[in-house]
Peer 1: 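Below are the structure tokens for one structure; questions will follow.
On a predicted model such as this, the values are computed, not experimentally measured, just so you know. Side chains are part of it too, since the values below use all heavy atoms of this structure and drop only hydrogens, waters and symmetry mates. Chain naming here is simple, since letters A, B, ... match the order of the sequence lines and numbering starts at 1 in each.
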Amino acid sequence: MQPSNLTTTLIEKYQPQVIEPKWQARWNADQVYRAAVDPDRPKYYALTMLPYTSGNLHIGHWYAMAPSDAHARRQRMLGYNVMFPPGFDAFGLPAENAAIAHGTHPKTWTYANVENMRRQLRSMGAAWDWQREAITCDPHYYRWTQWLFIQLFNHGLAYKKMARVDWCPSCNTSLAREQVIGENRVCERCKTPVIRKNLEQWFFRITNYAEELLSFDGLDWPDPIKTAQTNWIGRSRGASVAFTSDQGDPIEIFTTRPDTLWGATFLVLAPEHPLVEKLTPPGFQHAVETYVAWATRRTDVLREATDNEKTGVFSGTYAINPVNDQRVPIWIADYVLMSYGTGAVMGVPAHDQRDFEFAKKHNLAIRLVVQPPGQTVTGDSLTKAWLQEGQMVNSGPLDGLPVGKGKGESVRAAIHWLEQTGNGMGAVRYRLHDWLISRQRYWGAPIPIIECPTHGLVPVPDDELPLLLPEDVAWLPSGQSPLKLHPTWAQTTCPKCGQPALRDTDTMDTFMCSSWYHLRYLSPHYDQGAFDPHEYDYWMPVDTYTGGAEHATMHLIYTRFFHKALRDFGLTQGAEPMLKLRNQGQVLGPDGQRMSKSRGNVIDPDEQVRRYGADTMRAYLMFAYRWSEGGPWSSKNIQGVVRWLNRVWRLALPADTQLPPNGQDSQLVAQTADSSDRLQRRLRRFLHQNIQKVSHDFDGFEFNTAISALMDLSNEVQKLRPHLEGTAAWDEAITSLLLMMAPITPHITEELWARRALRYSIHQQSWPTYDPAAAAEESITLVVQVNGKVRDHVQVSVDVSEADAKAAALAAPRAQKYLAGHEVREIIHVPQTLVNILTG
RNA sequence: GCCGGAGUGGCGGAACUGGCAGACGCGCACGACUCAAAAUCGUGUACCUUCGGGUAUGUGGGUUCGACUCCCACCUUCGGCACCA
């Protein structure tokens, strides 16, 4: 035997820091990942959510993108023409805040960050097609964001109105309803509690699409996302009914329980309801004004807390309930919200808990209309509202009708009666609000609208797009749009009449930019439209979209809305932009907490890449957790992946550069007498079962178990090395192992592929084909149970008959032990799997 | 309060349509190699045990020949929604 120190020098160590940049440069030079339209090949559009230009990729970006890349790479190996484009969400507040804090221009800051993040994305070794890169703050990009805004405007889907809007006092801008989160109503970005302001703002009529957005037909999206969107849209079926005030004003109310209309004993208007002032007679004005002023001052958090006291004030006037001509008092109370329904409700204290509390507090009548089964109660004897099933009473035409669990029947009957008699009609309401897109900040796409004193709101003409964002602007956190403070920018002339006119000085919500970026990727340099229809026809829709679940009710609703609107303008086709959605979980700090600078538990991917290499990072992130769940980072567990890649390195290199194996599997030593043929069959069986498993796991985004299986394969190959190295089966196994690892660890596999003198590039090879014949077992192990407990195992042939399987089980020695002295009552046979013997 | 997801060894996590719970990895223990260590390789590793076996997938019930998996109730935890009429 050679002296060991001499042998060690023969081993060339696995050095990711050397091979990774080498292959990245080569792939780039050869344009290996260029995705061009090719009608002869099936396409696959793999999209991962574009990162914001914060300056650095964090571990979460790696966790989202590297597995998405691995999945896309495998699709290439399956024969698809795959497009996997990179880009940057580059407009937004942090750039401007950096400008305020450090005096750096937002543009300078942003593009410096883009530079760094490009470098980081390249270090990932992902199959990005860089020729498709899109940056949302680029004028060539936002020209089309503005153009799309104008399309929405021309089709009546963008409108401007004065509204009471959510305002973040820290970000100094208004926010969309979706961007106010939690019961504390904080800003989605900075977590500052929002306040209300009355402002004239631009909205997109997303509510026009509420009904269609509720349909997820043909979408392979996670249920929790579909549920979150469904809840957010908040469809309610009911009826709308107009009461008539003493002054003759119709007051429209919406109710989901029209069957309880006969139980209405009062009417409640929100303090902001437009009729409040008009309805209030002189004697009540002071009290009402005082209450409205008080309610307006109260924060939304206080007003919307469910355990609130039901405050309110009598308006001094009455209204007629059209169903029974009863005259009921009109109250003003802030438990009714102007932002939902009509801002007015009927009070049915007997059958609505909120109305019940209000009636008790203010001594209003309680009229029972649903009699609980088997009881005789009256409104006065109720201690809380009766919401369960029962029978209609005191309700004229509905008397005697059963009220079922779902209330469907009685509600339908009530609506039917209302429509027959002309007293009201069935109605549907949504919780969804129109999307507020005006932002009072600088670093965004300017809203391309001019306000002319004569012609009103006029779009900037097409040939003047992009409407450039001026660079000489002062960024003051003043709450005023910086563009408004610019001395000349807003001043222009009306495109229609040439008279002096003013530009809109707000910029657009950056979610607008990201609502269509998947379309710009199709043709980022195209200047005849937002995207090239030729590219659209080939690539769209997106086949898989990956990203965080936190976008459920923001980006993922907006982008669906956009697609549907553009479809109605004839620009896109089909109902949905993204067919399959998969969400990754979150990588936590080593302490199991969310990573944050303040906790000091942040793992920097650049540092990890320097230490371990990109392949190890990629494989570790895919191996450590179920992708959809995530979990804590562990610098211990990553060692398992480090070892694995080193083992594969040694395995795939020729044996004469290796240390001789110094351990022997005793079972295998015994088998050396056995023919190599038989061992080769064993290896091929293992391999082909493995190919099937890894393929299945890749299809399901189950990267952790795919890697487990690949580790299993490398373990098996290593065991058999002393006996099979150089045989056809051995080479097939190593080749297949490298091919299946290639999407996960692209660099090491390319290097080993080259060293085994196989054809460049491994990333242009086909995924190994599963051969069922090779995978077939020669014999199977049946589990033998006695009374449901595992007692023995027996080897039988694969095509064993039921009778033979049972006989073999009964004959199993360890089973016999438990059968002695007992009568066999029944034998359950699960083919290929198990025999369960039941005794009497 | 309502709607979702998740509770499995010391740890990260496996288990396809109900059929051998704990794959794969970490950690740990022992062994080989080494003067020694690291690296590498091999063996073992849920718990209890009188070594026959018994008990275990958050808790308590149920269905079934058989339950991590299905049903009911509850507990913990993480998200989402919430005076939405």
Side-chain angles (χ1 to χ4, degrees), chain A residues 4 8 11 13 181-183 222-232 234 236 238 253-257 260 268 303-308 310 333-337 339-348 352-355 357-358 429-431 549-550 552-553 585-586 620 623-626 628-629 631-641 643-644 646-647 650 658-666 693 696-697 700 702 704-712 715 718-719 781-793 817 825-828 830 832-838:
Chain A
S4 65
T8 357
I11 302 173
K13 275 178 62 185
I181 55 172
E183 81 184 287
D223 286 334
I225 299 289
K226 293 193 277 190
T227 308
Q229 293 201 349
T230 303
N231 290 342
W232 185 261
S236 297
I253 59 118
F254 172 71
T255 176
T256 54
R257 291 295 307 275
T260 64
V268 191
R303 275 181 66 169
E304 291 178 14
T306 34
D307 51 358
N308 238 347
K310 298 284 178 290
D334 71 358
Y335 80 91
V336 173
L337 310 173
S339 56
Y340 183 78
T342 58
V345 305
M346 63 172 182
V348 184
D352 181 289
Q353 187 57 26
R354 296 154 302 184
D355 296 342
E357 287 165 27
F358 191 75
R429 295 281 166 178
Y430 304 92
R431 218 186 60 99
E550 68 276 14
T553 57
Q586 243 186 8
Y620 172 64
F623 175 65
Y625 340 87
R626 193 186 302 172
S628 56
E629 295 296 316
W633 177 270
S634 160
S635 48
K636 261 186 190 167
N637 285 354
I638 198 173
Q639 288 306 325
V641 172
R643 280 180 205 149
W644 179 50
N646 274 292
R647 206 175 302 141
R650 278 178 263 120
Q658 304 284 320
L659 276 168
N662 48 26
Q664 288 283 327
D665 183 313
S666 53
K693 164 120 185 78
H696 171 267
D697 290 351
E702 288 159 4
N704 57 339
T705 49
I707 293 177
S708 297
L710 291 169
M711 285 176 169
D712 235 354
N715 289 345
Q718 175 154 321
K719 264 190 206 163
T781 308
L782 279 185
V783 174
V784 181
Q785 294 185 336
V786 178
N787 293 324
K789 298 211 171 189
V790 179
R791 297 303 184 185
D792 211 339
H793 297 86
K817 204 173 115 184
R825 182 164 47 91
E826 198 188 342
I827 303 176
I828 290 165
V830 184
Q832 314 278 304
T833 312
L834 151 155
V835 175
N836 189 5
I837 305 163
L838 306 176

Peer 1: Report the base-pairing partner of B:rA67 (Watson-Crick or G-U wobble, both distances below 3.5 angstrom), or none.
Peer 2: none
Peer 1: Kindly give the heavy-atom pair with the smallest separation between A:Arg429 and A:Thr342, and that separation in Å.
Peer 2: NH2-CG2, 3.8 Å
Peer 1: When both hydrogen-bonding distances must be under 3.5 Å and the geometry is Watson-Crick or G-U wobble, what is B:rG4 paired with, if anything?
Peer 2: B:rC78
Peer 1: So, is A:Lys817 close to the B:rG53 phosphate, meaning a side-chain N or O under 4.0 Å from OP1 or OP2?
Peer 2: yes
Peer 1: Could you check whether A:Arg626 gets within reach of a base, just the sugar-phosphate, or nothing at all, counting any heavy atom under 4.0 Å?
Peer 2: sugar-phosphate
Peer 1: Provide, to the nearest angstrom, the distance between the CG atom belonging to A:Asn231 and the P atom belonging to B:rG4.
Peer 2: 9 Å
Peer 1: Just the rounded figure in Å: distance from P of B:rA82 to CZ of A:Arg354.
Peer 2: 14 Å
Peer 1: Quick one: which of B:rC20, B:rG5, B:rG12 gets closest to the side chain of A:Glu629?
Peer 2: B:rG5
Peer 1: Between A:Lys13 (NZ) and B:rA39 (C1'), how many Å, whole number?
Peer 2: 9 Å
Peer 1: Ignoring the backbone of A:Arg431, work out which of B:rC83, B:rG80, B:rA82 is nearest its side chain.
Peer 2: B:rA82
Peer 1: Grab the N/O contacts between the protein and nucleotides 21-28 of chain B below 3.5 Å, and write none if there aren't any.
Peer 2:
from	atom 1	to	atom 2	distance (Å)
B:rA23	N1	A:Ser708	OG	3.3
B:rG25	OP1	A:Asn715	ND2	3.1
B:rC26	OP1	A:Arg643	NH1	2.5
B:rC26	O2'	A:Asn637	OD1	2.9
B:rG27	OP2	A:Arg643	NH1	3.2
B:rG27	OP2	A:Arg643	NH2	3.4

Peer 1: Test of understanding: with side chain to side chain donor-acceptor pair (under 3.5 Å), list the residues that count as partners of A:Ser236, not counting sequence neighbours.
Peer 2: A:Tyr340
Peer 1: Counting the atoms with a prime plus P, OP1 and OP2 as sugar-phosphate, which does A:His696 contact under 4.0 Å by heavy atoms, base, sugar-phosphate, or nothing?
Peer 2: nothing
Peer 1: Considering only side-chain heavy atoms of A:Ala228, which listed nucleotide, B:rA85, B:rG80, B:rG19, is closest?
Peer 2: B:rG80
Peer 1: Is any side-chain N or O of A:Tyr340 closer than 4.0 Å to OP1 or OP2 of B:rA85?
Peer 2: yes
Peer 1: Determine the contact category for A:Val348: base if any of its heavy atoms lies under 4.0 Å from a base atom, sugar-phosphate if only primed atoms, P, OP1 or OP2 are that close, otherwise nothing.
Peer 2: nothing
Peer 1: Without decimals, in angstroms, what is the distance between A:Leu782 CG and B:rC20 C1'?
Peer 2: 12 Å
Peer 1: Remember a base hit wins even if backbone is also touched, and classify A:Trp232 as base, sugar-phosphate or nothing at under 4.0 Å, heavy atoms.
Peer 2: sugar-phosphate
Peer 1: Give a yes/no answer on whether the side chain of A:Lys789 brings an N or O atom under 4.0 Å of OP1 or OP2 in B:rU55.
Peer 2: yes
Peer 1: When the C1' atoms of B:rU49 and B:rA38 are considered, how many whole Å apart are they?
Peer 2: 40 Å
Peer 1: Tell me every residue that passes salt bridge (Lys or Arg N to Asp or Glu O under 4.0 Å) with A:Lys817, counting only those two or more places apart in sequence or in another chain.
Peer 2: none
Peer 1: Hydrogens and angles aside, do A:Asp355 and A:Tyr335 bring a side-chain donor and acceptor to less than 3.5 Å of each other?
Peer 2: yes
Peer 1: Checking all strands, does A:Ile828 fall into the base, sugar-phosphate, or nothing category for heavy-atom contacts under 4.0 angstrom?
Peer 2: base
Peer 1: If I take atom CD in residue A:Glu357 and atom P in nucleotide B:rG1, what distance separates them, rounded to the nearest angstrom?
Peer 2: 15 Å
Peer 1: Return the pairing partner of B:rG31 with a 3.5 Å limit on both distances, Watson-Crick or G-U wobble; otherwise return none.
Peer 2: B:rC41
Peer 1: Could you check if the base of B:rG52 is syn or anti? Syn means the glycosidic torsion is within 90 degrees of 0.
Peer 2: syn
Peer 1: Using the benzene-type ring in the case of Trp, are the ring centres of A:Phe623 and A:Trp644 under 6.0 Å apart?
Peer 2: no
Peer 1: Sort out the partner of B:rG18 for me: Watson-Crick or G-U wobble, both distances under 3.5 Å, none otherwise.
Peer 2: none
